[in-house]
Amino acid sequence: MENIKANIMNRIQLSEFTEVYISYLEKNKKTVCSITAAITVTTLARYFYRKLTVPPKNLRHLPRVTYIDLLKSIMQGEGIYERKKRLVIPILDKAEGLYLEPGHLGWQLRSTNPMHNKILLADIELSPKDENIFGTGGSLVCKFLGGKNVGTVEGEEWKRHRKITNPAFHNALPVNIFSRLTQKTFGMMEKMGLENLECSQFCERMTLDAIGLAGFDFDFETVTKLDSEWLDGYDKIRSRMTNLFFLLFQVFDDELKWMFPSRVEAHNQLDKLLAKIDGMVTDKRTSVTEKFNSPGYASVPDAEKDFLTLMLEAEMQGEGKLSDLELRRNVVGFFFAGHDTTSTALAFAIAQLGRNKEIQEKARAEACSILGDELSDVLPSKEDIKQMTYIDAVIKETLRLNSPLSNTVLRTTTRDVALGDYIIPQGTYIDVDIIGTHMSENNWDNALEFNPKRYLNQADVTSTKDGLKWTPFGYGSHQCPGINFSYAEQKVFLSMLLRKFEWELPQDTIHRDGCVAGGYGTIKPVDNRVNFKKRY
Ligand code: HEM
């Protein structure tokens with residue numbers, strides 16, 4: 001009874017207080033609004049300031065690059081290598097090569113320590129990839145690379161995808177496609193003009209056509225047609241997709257994209273490309289199903305079949321099943337992973353050989369000794385490219401100093417883990433900083449010097465025995481399955497280029513003291529003009 005009475009009295013007092021309070025609010029509306037606004041703004045400002053500058057408590061002891069550092073760097077138009085040199089390299093000694101940096105999902109931990117790199121990439125139970133790593137919304141990167149494909153899934157899902165995609169990687173090595181396209185690319189280079197020729201452009205044409213033909217038997221015809229609608233559209237998608245600002249703040253690339261007409265244009269281009277690939281998947285499924293059991297089909301060599309055909313054949317042979325959407329996502333993954341990376345690697349190799357004329361001469365001597373000295377094109381065979389050890393070293397050193405991917409795909413730790421003296425909590429976003437690993441003096445002597453000799457006549461510096469200090473293709477079960485494809489393409493192209501041309505960088509080049517590059521995640525050389533001189 002006493003309790004009920006007290007309760008009623010409390011309610012009366014409370015309602016009296018509410019009445020007084022409401023009438024006060026009504027009389028002082030303006031003041032109250034101003035105070036509320038000030039509190040809200042201060043709280044938000046404090047929240048965002050802390051979010052931008054202070055990592056979560058359990059990671060706060062690690063060295064870091066802040067959002068503000070990154071934003072300043074974007075505003076100043078600083079290239080990726082300069083940013084690494086200025087913000088990352090100086091903090092690598094503080095915590096065994098580990099450091100924090102902001103990404104589109106918040107603070108993420110990056111490793112440049114070979115032993116930690118190996119643990120992170122080898123143990124997929126500890127640090128699996130996050131399926132929604134590219135976000136879940138409608139940003140360019142998410143529409144293009146997001147969703148389930150072999151590069152984003154884990155466990156049983158990953159095995160299901162790999163069973164269908166593996167035969168494509170094991171069997172397709174279309175050296176003939178590469179050499180024929182290289183010859184056509186020479187024609188395109190002459191059309192473009194050999195002086196001050198932007199090499200990223202013709203490398204991109206060559207690798208785009210190569211992945212089109214080898215990936216899904218489609219000829220983009222960019223090495224034969226100067227004005228290519230596909231190339232133009234794809235360039236718009238790619239350059240806008242890898243813009244750091246829009247990667248960090250994806251809302252401006254999704255719900256608020258109407259504020260940026262150029263992004264809307266890129267979205268339209270992407271929709272067109274995806275619709276084209278969808279159409280190819282449907283058509284190919286029909287044609288492979290029709291041909292598979294026909295007489296004579298079994299005699300077509302696998303090396304001459306495209307990836308999509310080999311994947312559909314794997315399905316027909318009972319290796320499992322992927323839906324059309326899953327097939328499309330894998331094809332898009334190969335398309336992106338397969339052509340952009342190799343194009344960048346080639347463009348950097350040409351720039352490095354332009355900066356280092358002696359190394360260029362040595363590489364040319366090897367190409368001529370294997371393919372012959374006569375002044376005409378020679379198309380290398382699989383056996384020829386196996387013998388190219390010096391060109392192989394040039395490719396490896398380019399992949400070290402100018403890795404096309406700045407980091408691996410982000411992972412998330414599933415439990416607390418000790419990396420050296422540091423406990424990394426469960427739920428931490430983590431990746432391997434490939435460029436940081438390759439640029440660190442902790443891992444390489446004279447790390448910034450381009451020196452292919454590192455890979456010759458001595459212990460294998462790409463060995464993974466003592467950790468991953470050379471890791472352009474990743475490691476473990478997710479290691480790049482396109483390594484052989486890319487090496488073959490690069491060796492064919494570079495050996496033919498070396499026989500056909502000599503080259504040097506123009507006087508006003510920005511690459512004199514080391515290559516300059518832009519991009520985030522995927523890297524491209526900036527202003528990569530070269531002067532070519534024909535040898536025949
Ligand atoms: C210079 C050329 C290339 C470089 C530097 C490169 C680099 C990489 C790296 C670092 C990874 C691992 C990412 C991670 O674990 O987070 C990867 C995975 C992958 N790459 Fe490559 N790549 C190249 C060429 C290619 C080519 C030519 C293809 C296809 C034709 C390809 C297809 C793939 C695929 C499908 C994956 C995902 C594999 C999986 O997760 O199971 N790559 N690549």
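When a ligand or atom number is given, it counts from 1 through the structure's own listing order.
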Between [Y] and [X], is the closest basic N to carboxylate O distance under 4.0 Å?
X	Y	answer
Asp232	Lys236	yes
Asp445	Arg454	no
Lys524	Asp235	no
Glu326	Arg329	no

Under 3.5 Å, side-chain donor or acceptor atoms of residues 470-484 against the rest of the protein: list the pairs with distances, not counting sequence neighbours.
residue : atom : partner : partner atom : Å
Trp470  : NE1  : Lys396  : O            : 3.2
His478  : NE2  : Glu154  : OE1          : 3.0
His478  : NE2  : Glu154  : OE2          : 3.1

For this session: Might you work through the ring pair (Phe, Tyr, Trp, His ring centres under 6.0 Å) test for His339 and Tyr234, ending with a clear yes or no?
Result: CA-CA 12 Å; His339 106 268; Tyr234 180 68; 5.0 Å; yes
Enumerate the atoms of ligand 1 whose separation from the nearest heavy atom of [X] is less than 4.0 angstrom.
X	answer
Trp158	39 (C), 41 (O)
Arg162	38 (C), 39 (C), 41 (O)
Phe334	35 (C)
Phe485	27 (C)
Thr408	14 (C), 16 (O)
Val150	35 (C), 39 (C), 40 (O), 41 (O)
Phe307	30 (C)
Val409	14 (C), 16 (O)

Of all the non-hydrogen atoms in the protein, which one sits nearest to [atom], and at what distance?
atom	result
atom 10 (C) of ligand 1	Pro472 O, 3.2 Å
atom 29 (C) of ligand 1	Phe169 CE2, 3.4 Å
atom 12 (C) of ligand 1	His478 O, 3.6 Å

Problem set entry | Those residues that, when tested against Gln458, pass side-chain hydrogen bond (donor to acceptor under 3.5 Å, both in side chains) (two or more places apart) | none
Exercise. Do Thr462 and Asp460 get their side chains close enough for a donor-acceptor pair, meaning under 3.5 Å?
Worked result: yes
Exercise. Hey, which of Leu109, Asp416, Val417 is the one that makes side chain to side chain contact (heavy atoms under 4.5 Å, CB included) with Pro425?
Worked result: Asp416
Problem set entry | Sole residue of Val432, Leu126, Ile430 in side chain to side chain contact (heavy atoms under 4.5 Å, CB included) with Arg411 | Ile430
Exercise. Is there side-chain contact between Leu197 and Val530, with at least one heavy-atom pair below 4.5 Å?
Worked result: no
Seminar exercise, completed: Sorted by chain and number, protein N/O/S atoms nearer to atom 21 (Fe) of ligand 1 than 2.8 Å are Cys480 SG
Exercise. Given Gly333, Gly151, Gly215, which one has a non-hydrogen atom that is nearest to atom 37 (C) of ligand 1?
Worked result: Gly151
Problem set entry | Heavy-atom nearest option to atom 14 (C) of ligand 1, drawn from Gln490, Glu489, Arg411, Gln479 | Arg411
Exercise. Pairs in or reaching into residues 176-185: which pass side-chain hydrogen bond (donor to acceptor under 3.5 Å, both in side chains), with residues at least two apart or in two chains?
Worked result: Gln183-Asp377
For this session: Determine whether the aromatic ring centres of Phe169 and Phe334 lie less than 6.0 Å apart.
Result: yes
Problem set entry | Location of contacts on Lys129 toward ligand 1, heavy atoms closer than 4.0 Å | side chain
